[in-house]
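As C-alpha cells, the structure follows; a few thoughts come after it.
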Amino acid sequence: MGYAQLVIGPAGSGKSTYCSSLYEHCETIGRTMNVVNLDPAAEIFNYPVAMDIRELVSLEDVMEELKLGPNGALMYCMEYLEDSLHDWVDEELENYRDDDYLIFDCPGQIELFTHVPVLKNFVEHLKQKNFNVCVVYLLDSQFITDVTKFISGCMSSLAAMIQLELPHVNILSKMDLLQDKSNIDDYLNPEPRTLLAELNKRMGPQFAKLNKALIEMVGEYGMVNFIPLNLRKERSIQYVLSQIDVCIQFGEDADVKIKDEDEDFGDDGPDS
Ligand SMILES: Nc1nc2c(ncn2[C@@H]2O[C@H](COP(=O)(O)OP(=O)(O)OP(=O)(O)O)[C@@H](O)[C@H]2O)c(=O)[nH]1
C-alpha cells in the first residue's frame, strides 16, 4: 500500500510552499516524503522533485509547437499526462512501492479539479496502483477577510470534493499573514447563521434566497471545515500532517501516537 496527497487549490494559494515545507518537516523528523511536480509550467522548486511532469511534456514546448496560449497549453499537457497513465506514469510509479508516500503538487487552474476529468482519472489510476489518496485543498487565509470570497472558496472546495470523491482535508494557508484572528472560529467551523447574516449584509436583498441556499449547502455538507496552517510553526505543520495521516490511514502503529498528539493540543488548537 502506498500513500498520496493530491495538493490542489486556487493559483497562488501556497501549494508549492506547502509541499516544500512538509518535505522539510519530514526530513527533520526522519520521515521520507517524495514530492511530485504535476505542474508543466513550474520552473523553480524548493524541494527535490521526485517525479516531474516536465520530463514528459512542458508548457513552453506545447505553447511554441502548437501555438496555444498558456491555459490551452496547460490543458493539453494535462490531457497528455492522462494519455500517458499506462506508460510514463506507470514507469515512474515503479520506483515507489509499499509504504512510500507521494505528494502531488498540482497546477492552480480550478477547472482541473471542478469539472475537467484529468485529475479524477489520475487519482483513479493511483488507487488502482494501490495508493491510499487524499485531497489536500488549500485556501489562502486572506479569503476569510471577506465573506463572499470565503463562500466562493468553499464552493470550489465542494466542487473538488464532489468531482474527485476522495477523503478531503481543507487547509487555510498563510496563517502567518492573517493580522486579525478575532473572528477566525466563524470560518474554521462555520456557523451557518453567522455566515448568512454576514453575506446578507454584503449583498442586496434580491440575493437573500440565493444566499440562504448557498449557506444551507455549506452547512449541509458540514465537510467544508478548514484547518489553519501556519508554516512558521512546526506544531501547526505537525498537526496538519497528523490529520492527513489519519485520513489516508498512514501507519497503523502511528495511529496511537497521532491520537495522543491530538489530545495534547487541548484548547491551544492546532495553530495560531
Ligand atoms: N507568508 C507566507 N507566504 C506564503 C505562504 N505560502 C505561500 N506563500 C507565498 O505565496 C506565493 C504563492 O505561493 P506558491 O507556493 O507558489 O503557491 P501555489 O499555489 O503553488 O501557486 P501556483 O502554482 O501558481 O498555483 C509565494 O510568493 C509564496 O512565497 C505562507 O504560508 N506564508
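Order of listing sets the numbers, starting from 1, for every ligand and every atom in it.
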Assess the residue pair D245 and R31 against the criterion (salt bridge (Lys or Arg N to Asp or Glu O under 4.0 Å)); give the C-alpha distance rounded to whole Å, side-chain angles, the decisive distance to 0.1 Å, and a yes or no.
CA-CA 12 Å; D245 284 345; R31 239 174 99 168; 2.8 Å; yes

Before you tell me yes or no, could you show the steps for Y47 and S21 under side chain to side chain donor-acceptor pair (under 3.5 Å), namely the whole-Å CA-CA distance, both residues' side-chain angles and the distance that decides it to 0.1 Å?
CA-CA 8 Å; Y47 51 79; S21 300; over 6 Å; no

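A heavy-atom distance below 4.5 Å is not found between the side chains of L112 and F122.
Relative to atom 21 (O) of ligand 1, the option among C19, G12, P10 with the closest non-hydrogen atom is G12. Nearest to atom 10 (O) of ligand 1 by heavy-atom distance, out of Q109, K174, K15, is K174.
A donor-acceptor pair shorter than 3.5 Å cannot be found between the side chains of D105 and N37.
Atom 26 (C) of ligand 1 lies below 4.0 Å from none of the non-hydrogen atoms of the protein.
A salt bridge is absent between K15 and D39: the closest approach of a Lys/Arg side-chain nitrogen to an acidic carboxylate oxygen does not fall below 4.0 angstrom.
Here is the list of ligand 1 atoms found below 4.0 Å of a heavy atom in D176: 1 (N), 2 (C), 30 (C), 31 (O), 32 (N). Atoms of ligand 1 lying under 4.0 Å from at least one heavy atom of L231, given by number and element, are 31 (O).
Every heavy atom of S173 sits 4.0 Å or more from the atoms of ligand 1.
Of the protein's heavy atoms, T17 OG1, 3.8 Å lies nearest to atom 28 (C) of ligand 1.
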